[in-house]
Q: 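Got a structure for you, written out below as structure tokens; questions coming shortly.
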Amino acid sequence: MPDIRPPTSGLRLILGVETSCDETAAAVVASGRWLRSNVIASQFHLHAAYGGVVPEVASRHHLEVILQVVDAALAEAGAGWRDLAAVAVTAGPGLAGALLVGVNTAKTLAYAHGLPLLAVNHLEAHLYANWIETAGRAYREPELPALGLIVSGGHTDLVLMRGHGDYRRLGRTRDDAAGEAFDKVGRLLGLGFPGGPAVEREARAAAKTRLRLPRAWLRGSDDFSFSGLKTAVLHSVRGEAGPPPPVPELAAAFQASVVDVLSKKAVLAAQREGARSLLLSGGVAANGPLREALAARSPVPVFTPPPVLCTDNGAMIAACAHFRFDALRAGWDLDPQPAMRFCS
Ligand code: KG4
Ligand code: ZN
């Protein structure tokens, strides 16, 4: 293990480990803000043939690569075990078998190196991607209270963050998560897996379209629903209401509907709650039109991590662990919590 730098004074280095779904990731972050390394081994090529993540395949692959990924994260950071203040790991929510690999690896490494073990909630950590410095941008820390929009493959949550560890859930999806809808529509349109980036690419190729798909506003509530939209795409693909529109137009109309609902509802909630910033996070936050719509509509500063920190990564785990260090201390009996929650 390389140990080429003296301990960094004044900064707290945390190793973050993430294996909740189909990315095996590890990163070293200094004091929750400064990225020292970020190593991500994505498995999406293994799952593409099945059109979705196969849990057993995911766990096996995590097991095969996790130690190399951790070694690479330390080497890239130029850090040794003695430089670290803690090992943080995603404890949930996620796939049980996948989480088990990260949790047991982190537990073993922390114990062997005499470091504290911190158990991190994956969704809370997505928010903390917004605390990490982005190269080429002046560092700004989000002001609280903040409105968090967490849009991932498994979740769509609107959360009011009043302080570190102090959250109130305002709304959530009543059916499909936003990323899940992108993935299913990607499959319906024959664009492969994961659907999000593929649908975004395809939509870019669309000429201006008059095709308009439904929006579920669920007025009076901060909840979301995407299953009706997905069904509308299915009907269009089958040509049930006339000749099927070209695939790029369908992709563009679907994306426009999701972006419209997410951005307008998030901005309304931010205004109503007196939020001082808006935090976009989760895999779908990588979507260009969503980022642009929020930036254009929001009256308060919008924080969007660079795309590599939107999708699953170890850096957000380490960042969250820094700000919530004492609260997240875990014992050696830590088990994965596939349905872990971080706010009510
Ligand atoms: O946060 P994430 O990496 O994993 C979970 O915690 O679920 O999110 C993955 C999701 C997938 O559904 C993927 O299709 C979606 O994020 N996604 C996108 C884009 N990039 C990834 N959705 C829309 N546009 C994108 N550019
Ligand atoms: Zn995620």
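Start at 1 and go down the list; that is how both ligands and their atoms are numbered. Model, not experiment: these values are computed from the prediction. Reckoned from all heavy atoms, side chains included, excluding hydrogens, waters and symmetry mates.
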Q: Working to the nearest 0.5 Å, report the span between CG of Asn104 and OG1 of Thr108.
A: 6.0 Å
Q: So, is Gly153 polar-close to ligand 1, with some N/O to N/O distance under 3.5 Å?
A: yes
Q: Return the residue, atom name and 0.1 Å-rounded distance of the protein heavy atom closest to atom 24 (N) of ligand 1.
A: Asn287 ND2, 3.0 Å
Q: Please list the nearest protein heavy atom to atom 3 (O) of ligand 1 with its residue and the distance rounded to 0.1 Å.
A: Asp312 N, 3.1 Å
Q: Using the salt bridge (Lys or Arg N to Asp or Glu O under 4.0 Å) rule, collect all pairs that involve residues 171-185, keeping only residues at least two apart or in two chains.
A: Arg174-Asp223, Asp176-Lys184, Asp176-Lys230, Glu180-Lys184
Q: Donor-acceptor pair, Asp326 side chain versus Arg329 backbone, under 3.5 Å?
A: no
Q: NE2 of His235 to CG of Leu188: how many Å apart, nearest 0.5 Å?
A: 11.0 Å
Q: What atoms of ligand 1 come within less than 4.0 Å of a heavy atom belonging to Gly179?
A: 12 (O)
Q: For the Zn ion (ligand 2), check which protein N, O or S atoms are under 2.8 Å away and list them.
A: His122 NE2, His126 NE2, Asp312 OD1
Q: Number the atoms of ligand 1 from 1 as they appear, then name those within less than 4.0 Å of a heavy atom of Pro197, with their elements.
A: 19 (C), 20 (N), 21 (C), 25 (C), 26 (N)
Q: Among protein heavy atoms, which lies nearest atom 26 (N) of ligand 1, and at what distance?
A: Glu200 OE1, 2.8 Å
Q: Does Cys21 come within less than 4.0 Å of ligand 1, judged by its heavy atoms?
A: no
Q: Below a 4.0 angstrom heavy-atom separation, can you tell me which part of Asp183, side chain or backbone, both or neither, approaches ligand 1?
A: side chain
Q: For Asn130 and Pro305, which heavy atoms make the closest approach, and how far apart are they?
A: OD1-CD, 3.1 Å
Q: Determine yes or no for a side-chain-to-main-chain donor-acceptor pair under 3.5 angstrom, with Ser277 supplying the side chain and Glu143 the backbone.
A: yes
Q: Assess His126 for proximity to ligand 1: is some non-hydrogen atom of it under 4.0 Å away?
A: yes
Q: Looking only at heavy atoms of His122, does any of them come nearer than 4.0 Å to an atom of ligand 1?
A: yes
Q: Look at atom 21 (C) of ligand 1 and find which of Gly196, Gly283, Pro93 reaches it with the closest heavy atom.
A: Gly283
Q: Out of all atoms in ligand 1, which are within 4.0 Å of some heavy atom of Gly154? Include the element for each.
A: 7 (O)
Q: Within the structure, does Glu23 bring an N/O atom to less than 3.5 angstrom of an N/O atom in ligand 1?
A: no
Q: What closest approach, in Å, do Tyr167 and Arg162 show between heavy atoms, and which atom pair accounts for it?
A: O-NH2, 3.6 Å
Q: Between the side chains of Ser263 and Arg297, does any donor sit under 3.5 Å from an acceptor?
A: yes
Q: To the nearest 0.5 Å, tell me how far Arg272 CZ sits from Leu170 CG.
A: 6.0 Å
Q: Determine whether Tyr111 and Leu117 make a side-chain contact, defined as any pair of heavy atoms from C-beta on separated by less than 4.5 Å.
A: no
Q: Drop me the distance from Thr90's OG1 to His126's NE2, to the nearest 0.5 angstrom.
A: 8.5 Å
Q: Less than 6.0 angstrom from the centroid, inside 45 degrees of the normal: does Arg140 satisfy that with respect to the ring of Phe303?
A: yes
